[in-house]
Amino acid sequence: MNSIALMAADSASSASMTSSLIMFALIILIFYFLIYRPQKKRDKEAKAMLAAMKKGDKVVTIGGIHGTIVTVKDKTVVIKVDDSARIEFSKEAISSVTSKDAVKVAPEKKDKKAEEKASVEAKPEEAAKPEEAAKLEENKEETK
């Protein structure tokens, strides 16, 4: 009789242990995908950004100082803050780099109706279809 009770207790404890291990594995996976992996990706991007710094790039430091890179050394950069003020920073103190060539701003997304309206208003003589011409006249009347 005692042997049956012991066997039942052993199977219950092994099931409990299995569920504990599964929960532990799930917690590790959650931490990996939500914390560890994104942090490694950010670190890799930051290292690439710091390695790509060159003279003439506009930068912002961790402390919020804006300037232009004058000299890039092994572990430091010299930043021109004002006409006569130059400050030497550690490369790790740079939070963002904006190349002088990469000043282009991405255009904002517009809805299709606004784009059609702008294109029709910009080129009314090219409106080959009478429907487009009628829409143009309606839009002009509504704005008046």
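- One finds the CD atom of Glu45 at 9.0 Å from the CZ atom of Arg42 (value rounded to the nearest 0.5 Å).
- Connection of Val72 to Val81 is established within a shared hydrophobic cluster, with ILVMFWY side chains joined at heavy-atom distances below 4.5 Å, either directly or through further cluster members.
- By the side chain to side chain donor-acceptor pair (under 3.5 Å) test, Thr71 is found to be paired with no residue, residues two or more places apart in sequence or in another chain being considered.
- In terms of heavy-atom proximity, Ser16 sits nearest to Ser19 at O-OG, 2.9 Å.
- Within the structure, ring pair (Phe, Tyr, Trp, His ring centres under 6.0 Å) contacts touching residues 37-89 (residues at least two apart or in different chains) do not occur.
- Between atom CD1 of residue Ile87 and atom OG1 of residue Thr76 there is a gap of 13.0 Å, rounded to the nearest 0.5 Å.
- Scanning both residues, Val97 and Met53, for their nearest heavy atoms gives CG2-CG, 3.6 Å.
- Tested against Val59, the residues Val77, Ile79, Thr68, Ile65 include a single side-chain contact (heavy atoms from CB on, under 4.5 Å) partner, Ile79.
- Residues Leu26 and Phe24 do not share a hydrophobic cluster, defined by chaining ILVMFWY side chains whose heavy atoms lie under 4.5 Å apart.
- Taking each heavy atom of Thr61 and Ser95 in turn, the nearest pair found is O-OG, 3.4 Å.
- When hydrophobic clusters are built by joining Ile, Leu, Val, Met, Phe, Trp and Tyr residues whose side-chain heavy atoms come closer than 4.5 Å, directly or via intermediates, Ile28 is not grouped with Ile22.
- Annotation: the span from Asp82 atom CG to Lys80 atom NZ amounts to 8.5 Å, rounded to 0.5 Å.
- To the nearest 0.5 Å, atoms NZ (Lys47) and NZ (Lys91) are separated by 13.0 Å.
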